[in-house]
Amino acid sequence: MKEKLIDNAIQVLERNFQEGGFTIPSEGLYPFQWKWDSGFIALGFAHYDLKKAMGEIETLMDAQWENGFIPHIVFHNDSDSYFPGPDFHQSHLHPQASKKYRSTGMTQPPVTGFILERLLEISGESHEMLDFIAKHIDKVYHNHEYFYTHRDLEKNGLVYIYHNWESGTDNSPIWDDIWDTMDPPEYEFERRDTTHVDPAQRPSKREYDHYLYIIDIAKKYNYDDAKIAEHSPFLVLDPLFNAMLIRSNEALIKLYGRLGGNEDKISFLGEKQAQSIAGLNSKLFNEDLGAYVHFDLRNNKQLLYVCSSSFTPLYAGAPTQEQAKILVNTLMDKFGDEGRYLCASFDPTHERFNPRKYWRGPVWINLNWMLHHGLKRYGFTDLAQRVKNDSLELIDNNGFFEYFDSRKDNPDAEKNGYGGDNFSWSAALLIDFLKDES
Ligand code: GLC
């Protein structure tokens, strides 16, 4: 079974690999290069084709802006199967945007640092990979510098996101509270996603109005960070985003140590790292909920919901052992019922939970991958194994879908895999999960 699954996963990756040397997340639905997808995809390639793994990172870094920013989508190619495309985003409005590629003017969770660390491990510490890292690590560092310079408003080590698409968890019920504070115009546009996927599994038209409106505000200010911070109705400290930054800082410190020299960079990262961990634990940990939560900077309050992002600080090593225990209790209490696969993307005990709709409940493989490694890091070995087994079983039973129903006895569907089919990171991370055992 294992070999067959790996073969099938390789086929998915090969099919999604493009001539330009990058990989699309899913044909039709996502026809360009996405930032955090690229990181996870590179891990899958690394197990059988190091060149492709390196190419994946290289093609992303090539689109970095002069100020260190890395966009969430790079429009390497043309495609009319996606909205909103490059003409809507207009990244050229920012004076330091890439002159070579069109892109969006927003970013996604900073995974590249820890991806480089894992690539080195997978390569068996090869010289080739070490050379590759030496060539690219400063770009990732520059990206972290960008975050701490332009996105850390309160100078407490926590960086904000200004759009729900920056979080990676596009239509999480958490954002509903923010949509309630807004009244965007009704946009006229042709949705493309719902021609590929059942609309019941995607965000609503009204939600899209909010998404587009925030982009229009950012465009009005030419994607200037300070202006966005002043005017965007969406300004959030996200535990997932910050956990990724912290985990990637840790990786960069380790990799710089391995390469030698660069004391100034190691010390900058070390200082920021300490601040970010302290910030995360003081501002985003909620004792009553027993979990990390999001903080709405615009309206100055914590958003009191538990979702799969709430547990990602485990992967970053941010909680104390005591906090880790509290997190695991919350996880088991709300998400851990034996009748469910781990880990639903949103609190299954909450009225906003929807088991079929995108980030409002289904299981996502990349979140499970981070949760698995986070639980292992804190010694919760059995639970880590359960998260991994659940991920493998969902893919084995249903295929390489984008997201999955968490209910083991889902009464109203013939299958439990939703969204895009032949989805790249589900394939890539399955390979990494399975090869990790051997
Ligand atoms: C969806 C997901 C996002 C991902 C993108 C491409 O928008 O919410 O996290 O990066 O698809 O796969």
Side-chain angles (χ1 to χ4, degrees), residues 12-13 15-18 22-44 56 59-60 63 70-77 79 81-85 88-89 103-104 106-112 115 161 163-175 191-194 196-199 201-204 207-208 210-212 214-215 236 238-241 243-244 307-309 312 344-346 354 356-370 400-404 417-429:
V12 170
L13 290 182
R15 205 177 317 153
N16 289 341
F17 179 74
Q18 306 292 298
F22 66 95
T23 308
I24 57 171
S26 179
E27 205 184 323
L29 187 61
Y30 306 119
F32 310 109
Q33 183 176 33
W34 262 255
K35 181 187 174 195
W36 76 329
D37 296 63
S38 270
F40 297 121
I41 290 167
L43 297 189
E56 197 61 41
T59 48
L60 177 73
I70 301 174
H72 112 286
I73 304 177
V74 185
F75 299 112
H76 290 278
N77 47 315
S79 169
S81 74
Y82 184 83
F83 178 84
F88 189 88
H89 286 281
S103 73
T104 60
M106 66 178 81
T107 189
Q108 261 190 334
V111 300
T112 319
I115 293 293
I161 53 173
H163 196 287
N164 53 304
W165 282 339
E166 292 202 308
S167 70
T169 60
D170 300 5
N171 73 334
S172 170
I174 293 164
W175 315 137
R191 284 281 283 276
R192 296 305 172 97
D193 56 329
T194 43
H196 307 288
V197 173
D198 179 352
Q201 299 165 21
R202 296 284 305 176
S204 67
E207 279 171 295
Y208 257 76
H210 293 85
Y211 307 170
L212 299 179
I214 305 172
I215 298 172
V236 169
D238 181 325
L240 164 65
F241 200 98
M244 297 300 94
C307 62
S308 48
S309 304
T312 52
S345 46
F346 188 70
N354 178 338
R356 299 174 62 196
K357 210 174 177 101
Y358 212 31
W359 289 98
R360 303 182 75 89
V363 177
W364 288 72
I365 300 301
N366 65 334
L367 265 293
N368 270 13
W369 185 89
M370 291 184 262
F400 295 96
F401 276 91
E402 187 182 4
Y403 42 95
F404 301 88
Y418 305 133
D421 195 358
N422 297 315
F423 189 70
S424 293
W425 84 39
S426 299
L429 295 176

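First listed ligand is number 1; within each ligand, the first listed atom is number 1. FYI, the numbering just counts along the sequence from 1.
The shortest heavy-atom distance from His72 to ligand 1 is not under 4.0 Å. For the pair Trp165 and ligand 1, no heavy-atom separation below 4.0 Å is found.
Of all the atoms in ligand 1, the ones that sit under 4.0 Å from a non-hydrogen atom of Trp36 are 3 (C), 4 (C), 9 (O), 10 (O). Close contacts between ligand 1 and Gln108 involve ligand atoms 3 (C), 4 (C), 9 (O), 10 (O) [criterion: under 4.0 Å to a heavy atom]. Per-residue contacts place Gly168 under 4.0 angstrom from the following atoms of ligand 1 (heavy atoms of the residue considered): 2 (C), 3 (C), 8 (O), 9 (O). Against a heavy-atom cut-off of under 4.0 Å, Phe423 is close to the following atoms of ligand 1: 12 (O). Every atom of ligand 1 with a heavy atom of Trp34 under 4.0 Å away is listed here by number and element: 5 (C), 6 (C), 10 (O). Atom numbering of ligand 1 starts at 1 in the shown order; those under 4.0 Å from a heavy atom of Asp37 are 4 (C), 6 (C), 10 (O), 12 (O).
Ring geometry for Trp364 against Trp425 counts as tilted: the plane angle lies between 30° and 60°, on a 0 to 90° scale. Classification of the Phe22-His76 ring pair by plane angle, with boundaries at 30° and 60°, yields parallel.
Checking only distances, Thr169 never comes within under 3.5 Å of ligand 1, N or O to N or O.
The closest side-chain donor-acceptor pair between Glu56 and Ser38 falls under 3.5 angstrom. Between the side chains of His72 and Thr104, at least one donor N or O lies within less than 3.5 Å of an accepting N or O. In summary, the side chains of Thr59 and Gln33 do present a donor paired with an acceptor at a separation below 3.5 Å, with no hydrogens or angles considered. Glu402 and Tyr358 share no donor-acceptor pair across their side chains, judged by distance under 3.5 Å alone. Side-chain N/O atoms of Gln18 and Thr23 include no donor and acceptor closer than 3.5 Å.
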